[in-house]
Amino acid sequence: MTRYEVTIEKDACDGIFACLTRDPRFVEGDDGLATVDPGADPVYDCEGEVTDTAAHVVATFDDDRIDEARQAAAACPTDAIVVREVGE
Ligand code: SF4
């Protein structure tokens, strides 16, 4: 298990949604920009804490799916997604 934080900078997000195809926890929010919904994954029962403000989305997970989040970050053409491991 890895504890990690996923941040989406909304200023940088262009609503291109390349992230959604790499990690289904990324979804389109009400504002037309990307957000994170741990319950949106149809395959895995995923839990995480999400804070969604006007400036950014911060989601914290404690599971073995950091690589999927990293692939979403790598796929984002505007580098709006940052994934980093955090301590306990
Ligand atoms: S791929 Fe990047 S720019 Fe596109 S919706 Fe996702 S976070 Fe936003």
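All values derive from a computational prediction rather than experimental measurement. Order of listing sets the numbers, starting from 1, for every ligand and every atom in it. For the single chain, residues carry numbers from 1 onward in sequence order.
Not counting sequence neighbours, the partners of Asp23 by the salt bridge (charged side-chain N to carboxylate O under 4.0 Å, His left out) test are Arg25. Residues satisfying the salt bridge (charged side-chain N to carboxylate O under 4.0 Å, His left out) test with Asp14, not counting sequence neighbours, are none.
Within a 6.0 Å radius of CG in Asp31, more than 12 heavy atoms belonging to other residues, nucleotides or ligands are found.
Inspection of the environment of atom 2 (Fe) of ligand 1 yields the following protein N, O or S atoms under 2.8 Å: Cys76 SG.
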Tell me which donor-acceptor pairs under 3.5 Å the side chains of residues 69-78 have, and how far apart each pair is, sequence neighbours excluded?
from, atom 1, to, atom 2, distance (Å)
Thr78, OG1, Ala12, O, 2.8

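Within the 4.5 Å cutoff, the side chain of Thr7 has heavy atoms near those of the Glu9 side chain.
The side-chain contact (heavy atoms from CB on, under 4.5 Å) test with Phe26 is passed by exactly one of Ile81, Asp37, Thr21: Ile81.
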